[in-house]
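In what follows, a structure is listed as structure tokens, so that the remarks can point back to it.
Residue numbers start from 1 in every chain, and the chains themselves are labelled A, B, ... in the order their sequence lines are given, proteins ahead of strands. Note that the structure is a prediction, hence the values are computed from the model and not measured.
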Amino acid sequence: MQKRREGLPELPNLNGRKPVLRFAPNPNGPLSFGHSRGLVINGEYAKNLGGELILRFDDTDTTVKPPMLEAYESIPVQQEWLCGFPAHRIVIASERMEQYHQYAKKMIDGGFGYVCTCSAEAFKEHRVNMTECPCRDNNVETNLNRWMKMNDPEGYQPGDAVLRVKTDMTLKNPALRDWPAARIQTNAHPRVGNRWRVWPLLDFQSAVEDYLQGVTHIIRGKDLMDSTRKQTLLYSHFGWQYPETIYWGRVKVHEFGAFSTSQMKKDIESGKFSDWDDPRLPTLSALSRRGIRPEALRAFWIELGLTQKDIAVPLSTLYSHNTKAIDINAPRLAFVRNAFPIYLEGDFPKEGLIQSHSDTEMPPRQFSIDQGVWIEEEDSGKPLRLKDLCDIDENGRVESIDRSDKRSVVHWVAGGEPSILTIASGQDLVTVEGIFESNSYPVGTIVQLERIGYAIIEKNGLLMVHD
RNA sequence: GCUUGCGUGGUGUAGUGGCCCAUCAUUUCGGGUUUUCAUCCCGGCGACCCGGGUUCGAAUCCCGGCGCGAGCACCA
């Protein structure tokens, strides 16, 4: 028999070091399911190898993806919820601007960076045709002057100039040709206001910060492969060694469809969704609210591993991991949908105890019947076995206390409370009215509704977890 | 168009030249336990994109084809 590898593959090129990993979301909204992969994979390596996990806020865009202040609070909370430990370091890019400016200047001083005043369209021509733009030949002094003009409110305006890394306009890969490192933005940043005018772009900011933080391994989506190549060119200009880099492929979850942070934000504002934890959304707060446990998310991502294949996974895979996490602690309770009353005639136990979970020592639940019980309308009209109680005919006449034949076993509620079960079904929120067995479990308890599935107790009813 | 990456059962995944007529999980089907259509247990079905080549031997190496994805933003 072959040996089967368990868990994540070994981290390459560790050479006895403690790894330093990072996860760098844009705080333009709360974390989503998609983010959880980066958090889980990087977090697991850091935890298992005694290394460090850096949580970095890449908040250098105030225009296209303006930062959301609440996200700086919620992201670390969700990171800890998901990983099971707090990040070892938190870095906020907007508070590290001095460093980035310092390295931008070093780049100009070193002659491998220049300020380019070509329009985006004009530069695109140069990129496509492998020709050098006129700005490329300017000397260091000119570039330093132009750099000052970029930083001067009286100087260049947004769109007038960018800082570029001098690579080679004849590089085979067009994405790498003299790529932009910084641009002018005049929108106020919610954290640092208008203190800065020139803001680094991802490839520059991230590259410099990884160096400053001593990041040893970068694990990220393969859509960032060209980012690695760009950054490697910058590193060699500075004489630095680029971290070991590992990629994963694209993941599609059909049930989630295509959500973007900015689209969700709009839909919440318009009232299409109640909030970021609306059960239909793929945010971590929604998943948490829906009773998806962090250990299930971790097992899910670890099982997918680090292949570069683009994959489509059904949510049932995540649910199966979640069932393993929640079943042992989920007390069994009855919820009767579309309740239908049955008056019992004959002799039967009026009070008694029923197991809450056959595999555990969980305290049993107690029932007390006055004159009848509720059953689901769909079950009515035929002889039934009331689970743990008695056999009845279609009119409620008690036929046997012990189970006498193979008739269907159904759940029932005596007394109980009217309640509502909410089910997130794609873009719809389905609600089912019913009678919920009386109990004293607190809000947040995940229970198993017999013959229905797992649900989590909320303040105003039940929310379906999954089957 | 240029660049770059991927292609193992329905869905994921293990496998880096012989231990592979291919692993494990999930889905599905059948059975068992169970007074839940749940949990748990057992079993079945089911795969190396195609074509060449290298080799005694290829899922694994090489070439070509086909298919799918991503980058080429003054977003991250």
### Query
Would A:D59 and A:Y72 count as having a side-chain donor-acceptor pair, cut-off 3.5 Å?
yes
#### Entry: Pair A:D58 + A:K65: basic N to acidic O under 4.0 Å
no
### Task
Take atom C1' in B:U23 and the same atom in B:U39, then report the distance between them in whole Å.
26 Å
## Note on the structure
Per atom distances to the A:V162 side chain, the nearest of B:C74, B:C6, B:A25 is B:C74
### Message
What contact category does A:G249 fall into here, base, sugar-phosphate, or nothing, at under 4.0 angstrom with non-hydrogen atoms?
### Response
nothing
### Message
Tell me if a side-chain donor or acceptor on A:R183 pairs with a main-chain N or O of A:A181 at a distance below 3.5 Å.
### Response
no
### Proximity to the side chain of A:K222 - top-ranked nucleotide from B:U39, B:G5, B:G71
B:G5
### Message
Rounded at 0.5 Å granularity, tell me how far CD1 in A:I392 sits from NZ in A:K382.
### Response
11.5 Å
### Task
Side chain of A:D226 only, please: which of B:U13, B:G71, B:C74 is the nearest?
B:G71
### Summary
Looking only at B:A76, B:C2, B:G69, the nucleotide nearest the A:L202 side chain is B:A76
### Query
What nucleic acid atoms does A:Y454 come within less than 4.0 Å of, heavy atoms only: base, sugar-phosphate, or nothing?
sugar-phosphate
### Summary
Picking from B:G12, B:A76, B:C6, the nucleotide nearest the side-chain atoms of A:D223 would be B:A76
### Query
A:Q308 side chain: which of B:U36, B:U35, B:C6 is closest?
B:C6
### Message
Of the listed nucleotides (B:U13, B:U26, B:U36), which one gets closest to any side-chain atom of A:I311?
### Response
B:U13
### Closest nucleotide among B:C2, B:U35, B:C6 to the A:R385 side chain
B:U35
### Message
Tell me the interatomic distance from A:M225, atom CE, to B:G71, atom P, rounded to whole angstroms.
### Response
12 Å
### Query
With distance as the sole test, does A:T445 use its side chain to make a donor-acceptor pair with the main-chain N or O of A:I457 at under 3.5 Å?
no
### Task
Side chain of A:R229 only, please: which of B:U4, B:U3, B:U27 is the nearest?
B:U4
#### Entry: Output field: ring centroids A:W199/A:F204 closer than 6.0 Å
no
### Phosphate contact (B:C72 OP1 or OP2) by A:K124 side-chain N/O below 4.0 Å
no
### Touch class at under 4.0 angstrom, heavy-atom based, for A:K65 against every strand present
base
### Query
Can you list, by residue number, the residues of residues 319-334 of chain A that have a non-hydrogen atom closer than 4.0 angstrom to RNA chain B?
A:S320, A:T323, A:K324, A:D327, A:R332
### Task
Look only at the side chain of A:N143 and the backbone of A:Y114, and say whether a donor-acceptor pair between them is shorter than 3.5 Å.
no
### Query
Base, sugar-phosphate, or nothing: which does A:T60 touch, judged by heavy atoms less than 4.0 Å apart?
sugar-phosphate
### Counterpart base for B:A22, defined by Watson-Crick or G-U wobble contacts under 3.5 Å
none
### Query
Ignoring hydrogens and angles, are the base of B:U39 and the side chain of A:Q448 linked by a donor-acceptor pair under 3.5 Å?
no
### Query
Backbone N or O of A:Y211 within a donor-acceptor pair of the A:Y235 side chain at under 3.5 Å?
yes
### Task
Measure from the side chain of A:D310, starting at C-beta and using heavy atoms only, and say which of B:A38, B:G5, B:U3 lies closest.
B:G5
